[in-house]
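Atoms within each ligand, like the ligands themselves, are counted from 1 in listed order.
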Amino acid sequence: MHLYNLKVPSDQVSFEQAVKKGLGQDMGLYFPSEFKPFDNIDTLLEMPFVERSAKVLQQLIGDELSEDVISELVANAFVFPAPLAPVNDHIYCLELFHGPTLAFKDFGARFMAQCLSTLSKGQKITILTATSGDTGAAVAHAFHGIDNIDVVILFPKGKISPLQEKLFSTLGGNIHTVAIESDFDACQHLVKTAFEDKDVREGLHLNSANSINISRLMAQICYYFEAFSQLNKVQRENTIVSVPSGNFGNLTAAMFAKMLGLPIKRFVAATNLNDTVPRFWASGEWKPNATVATMSNAMDVSQPNNWPRIQALFDKGMLNKDILSAVSIDEDYTQLAMRNLANEGYVSEPHAAVAFKALTSQLQDGETGIFLGTAHPAKFRETVENVLGQPIALPEPLVEVADKESLSVPLPNDYQQLKQHLFNIL
Ligand SMILES: *Cc1c(COP(=O)(O)O)cnc(C)c1O
């Protein structure tokens, strides 16, 4: 596989380098130099999920990794299903929340962990990351028990729900969690300081495993194929996909799937009140506002870091602009959408509800619509219970951790103490 940096095109890398480096020079994103579309999509769609996913990833990665290695990575990463749940006769939710941390980020994080583990060939790596919730849990579970890789997660003490904290702080082993006595920005600042500190960066072989890593997007391509495999042949020719978007990684993956030949007819970029992209799509002006807090808080992003990859697909003429519509859904309509879905017998949460509402505004007669269910409703239990006025049962992974002891170590917002702690535990 060959990739180039969208900001510095002369910065060109292999798949292995792109996975290990994450970001390129000048903070540029790596982008595949070519997409070879499959010509036998129907045959591909008949295969089982794991086997087909290996074929899709092989098509991108090429001979840099052998077929056997890719098959093994995929089999280890994708150990839970991605079912297409019908809401009515022409609208479906692609449920991506059946993994260990109940959110779609499990797919990308698990595949990235498998890739890093294989590509580092036994060299020691420390993943250092700050989280305000979901990403930390997905990364912690993905790397738990992987040899030679330690994970250190900083989070703001008392600022995330106890259950959310327990999803990543009860694992132990190679997963170390630190409760910083401050807010999320302070955690991010400590991480940044550590990456700038040569002793720590080189001594501990730091890696950020962050959301712009190309391996995450590649994993996410696979579940769009899985969605289409569950449609009949007539539907496959006439289906639009609505993606609840924050940093726009998930939508990038959907577009990459189309570049590989999956016949997605159109895309809907669904955002909450953080509507930089819908405003940009309408006016041509990129004017991020201050981020506002919403019920769909994993999408509270006003400067989406994956957007340059989508922009590149249009700028290079790989996709036509009329294939994308961008819709912002406010808080009232998000609640209304949750109630509409419940009336159809489908209990959902705010992120999926935003995508559902945006989908119904764009769906035309005769078309099939898929919106993405990015998190389990129980992850947003309070909101869901408040809006729908009905109790939500806790799913297995949350029940399991509820009574476990958090293993987090509290530390003040002080870099020297954090550094000391890192050298003590690693
Ligand atoms: C991260 C996240 C999103 C946004 O996905 P992007 O790839 O950043 O656009 C949507 N929903 C949930 C539940 C998430 O955790």
Contact table, ligand 1 N/O with protein N/O, distance under 3.5 Å:
from     : atom 1 : to   : atom 2 : distance (Å)
ligand 1 : 7 (O)  : G249 : N      : 3.2
ligand 1 : 7 (O)  : N250 : N      : 2.9
ligand 1 : 8 (O)  : N247 : N      : 2.8
ligand 1 : 9 (O)  : G246 : N      : 2.8
ligand 1 : 9 (O)  : N247 : N      : 3.3
ligand 1 : 9 (O)  : F248 : N      : 2.8
ligand 1 : 11 (N) : T374 : OG1    : 2.8
ligand 1 : 15 (O) : K105 : NZ     : 2.5
ligand 1 : 15 (O) : D134 : OD2    : 3.3

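Side chains of T294 and D300: a donor-acceptor N/O pair is present below 3.5 angstrom, by distance only.
By the 30° and 60° cut-offs, the orientation of the rings of F78 relative to F111 is tilted. The aromatic rings of H351 and F380 lie tilted to each other, with the angle between the two planes from 30° to 60°.
Close placement of the F107 and F80 rings is indicated, their centers lying within 6.0 Å of each other. Separation of the F168 and F155 ring centroids falls under the 6.0 Å cut-off.
Salt bridge R279/E285: absent, no basic N to carboxylate O contact under 4.0 Å.
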